[in-house]
Q: 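Quick one: the structure is below, and I'll ask about it shortly.
Numbering of ligands and ligand atoms starts at 1, following listing order.
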Amino acid sequence: MDKIGKILNGVDIMIQKPKGTYDLFGENAEKVIYLKKIIEALMDKYNYKYFETPIFETSELFHRGVGETTDIVNKETYDFKDRGDRNLTLRPEGTAGIVRSFIENKLYTLSMPVKAWYFGPMFRYERPQAGRYREFRQFGVEAFGSNDPMMDAEVISIIVNFFKLLGLKGIKVNINSLGDKESRENYRTALLDYFKPYINDLCEDCRNRYEKNPLRILDCKVDSDKDIMKNAPKLTDYLNEESKEHLARVKTYLDSMNIDYVVNPGIVRGLDYYTHTVFEVEANIKGFGSQNVLGAGGRYNHLVENIGGPSVPGVGFAIGIERLMLALEAENINLTEEKNIDVYAFSQGLNDNSYLMNIVNMIRLNGFNVEMDYLNRNMKNNFKKADKLKAKYIIIIGSTEVENNILTVKNNETLEEFKIKKEEIIDFLDSKLGDINEN
Ligand code: ATP
Ligand code: MG
């Protein structure tokens with residue numbers, strides 16, 4: 001257990017991380033940095049722009065944005081009052097904040113589409129388990145201003161191509177259509193009629209959903225295996241012509257990009273704001289846990305309006321970074337790059353390390369990665385440390401070096417030794433390491 005124990009006035013105080021959170025460091029931290037780099041480069045290719053919105057927003061935003069009848073808003077939010085008595089919520093997802101920002105900064109006055117991406121922590125009060133945390137990270141995109149199915153297909157293609165780029169093989173793309181407002185309304189009526197005789201067989205949450213938003217019944221995790229769920233009317237049978245045409249186009253465009261998918265009428269998504277296309281990308285890896293949805297999203301043509309903006313359509317997705325990392329692990333995909341140190345520098349027999357500090361600072365400013373000895377190690381332990389860091393060159397500074405302004409430099413592989421004038425050290429390192437570092 002990673003507890004910090006402390007005895008204070010005879011009382012044993014244990015300070016631990018909050019339940020459902022984790023500390024990011026070491027190899028996992030490297031992995032997150034690496035993923036973020038890949039994402040940045042990928043987003044450049046698609047011309048999506050980076051957004052960062054506050055980690056807390058007014059609670060009202062999520063009630064209007066995510067929806068009153070969703071699990072996220074009903075059960076999972078971290079709500080608090082600040083010292084000014086404002087109702088605030090730690091963001092449980094990224095879309096509502098981006099949409100608020102889109103409206104507040106009048107980005108709808110720009111030439112459409114506006115294509116945004118984000119990466120950051122989200123907070124949900126859930127039962128922690130593998131792949132499910134109370135603080136987790138999401139990478140997501142939102143594309144505003146086009147109702148064209150090209151946009152739905154592009155957004156799906158980003159997830160698929162991202163996973164492809166990482167080398168992840170076992171994925172399955174499920175798509176479905178919730179249709180437009182009219183189709184959803186017809187379907188709602190059909191569901192109400194269908195579930196009416198079974199109302200007492202449903203769980204308490206679903207009985208509530210029956211009153212408020214019967215579509216959510218199909219997303220229930222408690223009742224999902226019951227026959228009444230399996231035999232429920234399918235939304236696809238209630239789509240009007242326009243909605244059918246939209247779905248058909250999305251499929252055509254996915255085909256044109258050679259993206260495999262299945263149309264899965266069971267996908268209704270946990271959020272209230274979707275219209276037309278919804279999708280989930282799941283890990284299809286043997287032995288992968290039950291939290292297997294890596295990313296999900298859909299089209300939300302009324303969300304901007306619901307939050308108080310003009311009528312602008314949008315489509316987006318969010319990927320859970322932790323679940324993605326578990327999937328990559330399950331396929332033995334190694335994300336960390338081996339990082340070598342260019343130079344390891346240390347002094348011997350000096351009381352004052354100003355000369356060492358000066359050299360190290362200069363070399364770092366010239367673009368090399370340098371580590372140095374802070375612990376006054378002896379010669380042998382310094383060489384050991386240099387090997388451990390896989391340093392390519394070692395610089396040793398003693399009183400002779402300081403007096404003559406000449407550095408002792410060692411190639412840590414060939415052990416060849418050089419005497420280099422201080423003012424020529426950068427040229428020397430450039431000639432030896434320059435090409436390697438430019439890659
Ligand atoms: P689930 O059905 O698993 O609860 P969700 O429908 O609530 O997922 P979304 O709101 O669509 O999830 O979030 C998109 C992605 O974020 C999910 O597919 C998942 O990878 C990730 N995610 C959601 N909740 C968590 C969590 N508590 N911990 C870790 N990752 C999560
Ligand atoms: Mg959830």
Q: Arg323 versus ligand 1: do any nitrogen or oxygen atoms come within less than 3.5 Å of each other?
A: yes
Q: Is any N or O atom of Ala296, backbone or side chain, closer than 3.5 Å to an N or O atom of ligand 1?
A: no
Q: Determine, considering heavy atoms only, which of Glu282, Arg132, Gln291, Glu280 sits nearest to atom 3 (O) of ligand 1.
A: Arg132
Q: So between Arg134, Met122, Arg124, whose heavy atom ends up nearest atom 24 (N) of ligand 1?
A: Arg124
Q: Give the contacting part of Glu126 toward ligand 1: side chain, backbone, both or neither, where contact means a heavy-atom distance below 4.0 Å.
A: side chain
Q: So for atom NZ, which belongs to Lys230, do other residues, nucleotides or ligands contribute more than 12 heavy atoms lying within a distance under 6.0 Å?
A: yes
Q: Does Arg91 count as lying over the ring of Phe62, i.e. NZ or CZ under 6.0 Å from the six-ring centre, within 45 degrees of the axis?
A: no
Q: If you round to the nearest 0.5 Å, how far is CZ of Phe162 from CD1 of Ile39?
A: 4.0 Å
Q: Is ligand 1 less than 4.0 angstrom away from at least one heavy atom of Glu93?
A: no
Q: Between Tyr50 and Tyr118, is the gap from one ring center to the other below 6.0 Å?
A: no
Q: For Asn382 versus Arg377, what's the shortest heavy-atom pair and its separation?
A: ND2-O, 3.1 Å
Q: Just let me know how Leu294 lines up against ligand 1, side chain, backbone, both or neither, with a heavy-atom cut-off below 4.0 Å.
A: backbone
Q: Determine whether Phe195 and Leu202 make a side-chain contact, defined as any pair of heavy atoms from C-beta on separated by less than 4.5 Å.
A: yes
Q: At a 4.0 Å threshold, what atoms of ligand 1 neighbour a non-hydrogen atom of Gly131?
A: 28 (N), 29 (C), 30 (N)
Q: If only side-chain N and O atoms count, and only distance matters, is there a donor-acceptor pair under 3.5 Å linking Asn240 with Glu182?
A: yes
Q: Enumerate the atoms of ligand 1 whose separation from the nearest heavy atom of Gly320 is less than 4.0 angstrom.
A: 15 (C), 16 (O), 20 (O), 21 (C)
